[in-house]
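Step one of this worksheet: look at the structure below.
Both ligands and their constituent atoms are indexed starting at 1 by order of listing.
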Amino acid sequence: MVWDSVVRAVFPGRFQPIHLGHLKVIEWVMTKVDELIIAIGTAQESHTVVNPFTAGERVLMIREALKEYSIDLTRVYIIPVPDILMNSVWPQYLQMYVPKFRYGVARNPLVLRLFKDSGYDVLIPPPFERGRYSSTTIRKLMLLGDESWKELVPSSVARVIEEIRGVERLREVTGMDK
Ligand code: NAP
């Protein structure tokens with residue numbers, strides 16, 4: 001096997017938490033490349049309103065979601081990457097953490113611009129029910145005590161969040177349990 005000939009894409013996201021839209025993106029990319037690198041961004045942050053889950057918890061959620069949807073784990077890397085203060089060199093910095101890749105996968109305009117400016121090709125997935133599948137919406141529903149957030153994530157992810165008492169944590173860090 002010549003490892004350099006393997007076509008890889010990197011899909012960065014905060015995955016706070018991973019939802020069914022992300023999963024559709026993952027399935028979509030995997031029809032186009034040999035291997036997919038899921039880069040868990042903002043890996044340094046947890047226990048905040050916008051980033052409640054640790055990088056390790058997000059690794060577990062993503063892995064469980066991929067297993068639930070029978071996605072071939074031998075073709076996937078899940079790698080946490082902390083943020084840096086210098087956007088312009090972020091793609092080069094990302095290279096240090098992940099295997100060599102050809103494509104950056106994103107809809108996020110900043111992320112697309114940074115990949116393009118660094119000479120990478122990009123893959124832009126279609127919006128998979130973007131209004132419905134959103135981590136921001138999921139966190140809002142959790143805070144409201146609305147159980148319908150569970151319909152927006154794989155059931156394995158809902159189970160991990162229950163196990164780690166993720167909703168209670170989110171309410172605590174938001175100050176809503178006072
Ligand atoms: P995210 O909200 O988890 O989303 C990840 C990607 O999935 C985005 O491109 C998003 O596009 C797409 N997506 C989400 N739901 C979708 C759906 N239903 N259908 C189709 N696409 C969907 O994460 P993000 O905030 O974009 O994550 C980027 C990560 O890279 C962050 O951790 C950021 O800090 C990191 N980063 C770091 C630096 C630095 O360190 N200087 C620089 C750049 C990026 P949209 O949300 O745009 O639709």
Side-chain angles (χ1 to χ4, degrees), residues 8-33 36-66 68-69 71 76-99 101-143 148-154 157-158 160-161 166 170:
R8 297 190 192 88
V10 63
F11 177 35
R14 286 185 300 115
F15 306 108
Q16 288 282 10
I18 184 171
H19 54 61
L20 293 169
H22 290 134
L23 211 62
K24 288 273 182 206
V25 173
I26 290 166
E27 288 175 331
W28 179 85
V29 187
M30 287 190 69
T31 63
K32 303 185 184 313
V33 295
L36 174 65
I37 302 155
I38 301 173
I40 301 182
T42 320
Q44 77 285 0
E45 200 167 314
S46 70
H47 295 77
T48 68
V49 178
V50 288
N51 288 299
F53 306 116
T54 68
E57 289 164 346
R58 288 178 273 162
V59 168
L60 184 66
M61 287 180 211
I62 294 170
R63 191 176 142 84
E64 289 304 306
L66 300 185
E68 181 180 341
Y69 281 79
I71 292 170
V76 180
Y77 305 81
I78 306 171
I79 303 180
V81 182
D83 287 341
I84 52 167
L85 290 174
M86 299 157 287
N87 275 337
S88 66
V89 293
W90 174 73
Q92 284 76 20
Y93 160 82
L94 188 61
Q95 275 183 175
M96 182 175 71
Y97 278 86
V98 305
F101 60 91
R102 183 182 301 176
Y103 300 105
V105 180
R107 290 181 55 77
N108 179 322
L110 167 67
V111 173
L112 285 171
R113 172 47 53 202
L114 295 180
F115 277 132
K116 286 186 204 163
D117 284 353
S118 294
Y120 284 104
D121 292 327
V122 294
L123 292 170
I124 306 175
F128 294 106
E129 294 187 69
R130 192 69 190 92
R132 177 166 153 81
Y133 295 123
S134 140
S135 301
T136 305
T137 304
I138 291 167
R139 294 192 304 272
K140 274 189 191 144
L141 291 170
M142 286 173 166
L143 285 173
S148 65
W149 67 267
K150 292 180 188 169
E151 295 161 20
L152 307 179
V153 300
V157 172
V160 173
I161 291 171
L170 184 59

Checking a contact table here: which protein heavy atom is nearest atom 25 (O) of ligand 1, and how many Å away?
Arg14 NE, 3.7 Å
Between the side chains of Thr48 and Glu45, is a donor N or O closer than 3.5 angstrom to an acceptor N or O?
yes
Distance filter under 4.0 Å to His22 heavy atoms, resulting ligand 1 atoms:
1 (P), 3 (O), 4 (O), 5 (C), 7 (O), 14 (C)
May I ask you to list the atoms of ligand 1 that are less than 4.0 angstrom from any heavy atom of Val111?
44 (C)
Any His19 heavy atom less than 4.0 Å from ligand 1:
yes
Heavy-atom side-chain contact between Ser46 and Phe53 under 4.5 Å
no
Atom indices of ligand 1, in the order listed, that fall short of 4.0 Å to a heavy atom of Gly41
32 (O)
Atom 21 (N) of ligand 1 has as its nearest protein heavy atom Arg107 CD, 3.1 Å
Pairing donors with acceptors under 3.5 angstrom, does anything connect the side chains of Asp83 and Thr42?
yes
Quick one: does ligand 1 sit under 4.0 Å from the side chain of Ala39, the backbone, both or neither, non-hydrogen atoms only?
neither
Ile124, Thr136, Asn108: member with heavy atom nearest to atom 26 (O) of ligand 1
Asn108
Please check if the side chain of Arg58 supplies one atom and the backbone of Gln16 the other of a donor-acceptor pair under 3.5 Å.
no
May I ask you to check if ligand 1 and Ile84 share an N or O to N or O distance below 3.5 Å?
yes
With side chains defined as the heavy atoms from C-beta onward, is the minimum distance between Val25 and Val105 less than 4.5 Å?
yes
For the residue pair Ile161 and Met61, what are the closest heavy atoms and their distance?
CG1-CE, 3.8 Å
Side chain, backbone, both or neither: Arg132 near ligand 1, heavy atoms under 4.0 Å:
neither
Among Gly13, Gly131, Pro126, whose heavy atom sits nearest atom 20 (C) of ligand 1?
Pro126
Does only the side chain of Trp90 get under 4.0 Å from ligand 1, or the backbone, or both, or neither? Count heavy atoms.
side chain
May I ask you to identify, for Gln16, whether its side chain, its backbone, both or neither come under 4.0 Å of ligand 1 on a heavy-atom basis?
neither
Atoms of ligand 1 less than 4.0 Å from Pro127 heavy atoms?
19 (N), 20 (C)
Pairing residues for Tyr93 by the ring-ring contact (aromatic ring centres under 6.0 Å, His included) criterion, not counting sequence neighbours:
Tyr97
Write out the residue and atom name of the closest protein heavy atom to atom 18 (N) of ligand 1, then the distance separating them to 0.1 Å.
Phe128 O, 2.7 Å
Side chain, backbone, both or neither: which part of Val105 has a heavy atom under 4.0 Å from ligand 1?
neither
Counting only heavy atoms, which portion of Leu114 has something under 4.0 Å from ligand 1: side chain, backbone, both, or neither?
side chain
Regarding atom 48 (O) of ligand 1: of the candidates Arg113, Arg130, Arg58, which has the closest heavy atom?
Arg130
Give the residue and atom name of whichever protein heavy atom lies nearest to atom 32 (O) of ligand 1, and the separation in Å to one decimal.
Thr42 OG1, 2.7 Å
Ranked by distance from atom 42 (C) of ligand 1, the top protein heavy atom is Asn87 OD1, 3.3 Å
List, one per line, each side-chain donor-acceptor pair under 3.5 Å for residues 116-132, sequence neighbours excluded.
from: Asp117; atom 1: OD1; to: Arg113; atom 2: NH1; distance (Å): 2.7
from: Ser118; atom 1: OG; to: Gln92; atom 2: NE2; distance (Å): 3.3
from: Ser118; atom 1: OG; to: Leu114; atom 2: O; distance (Å): 3.2
from: Tyr120; atom 1: OH; to: Gln95; atom 2: OE1; distance (Å): 2.4
from: Arg130; atom 1: NH1; to: Tyr133; atom 2: O; distance (Å): 2.8

Is the distance between the ring centroids of Trp90 and Phe115 under 6.0 Å?
yes
Quick note on ligand 1: atoms under 4.0 Å from a heavy atom of Tyr133 include exactly 15 (N), 18 (N)
Let me confirm one number: the CG-NZ distance from Leu170 to Lys140, rounded to the nearest 0.5 Å.
12.0 Å
To the nearest 0.1 Å, how far is atom 35 (C) of ligand 1 from its closest protein heavy atom, and which atom is that?
Asp83 OD1, 3.7 Å
Output the list of atoms in ligand 1 that are nearer than 4.0 Å to some heavy atom of Ala106, sorted by atom number.
9 (O)
When you measure from the heavy atoms of Ser135 to every atom of ligand 1, does any distance fall below 4.0 Å?
no
Would you say that Ile62 contacts Val76 through its side chain, given a criterion of any heavy-atom pair below 4.5 Å between the two side chains?
no
Closer than 3.5 angstrom, by distance alone: can the side chain of Arg102 be matched with the main-chain N or O of Val33 as a donor-acceptor pair?
no
Taking the side chain as everything from C-beta on, heavy atoms only, tell me whether Leu94 gets closer than 4.5 Å to Phe101.
yes
Within the structure, is a non-hydrogen atom of Phe11 found at a distance of less than 4.0 Å from ligand 1?
yes
Answer yes or no: is there a side-chain heavy-atom contact under 4.5 Å between Ile78 and Leu66?
yes
When only distance counts, is Glu129 in polar contact with ligand 1, meaning an N/O pair under 3.5 Å?
no
Report yes if the side chains of Ile40 and Ile79 come closer than 4.5 Å at any heavy-atom pair, otherwise no.
no
Got a donor-acceptor contact below 3.5 angstrom from the Glu27 side chain to the Lys24 backbone?
no
How does Val25 reach ligand 1, if at all, at less than 4.0 Å between non-hydrogen atoms: by side chain, backbone, both, or neither?
side chain
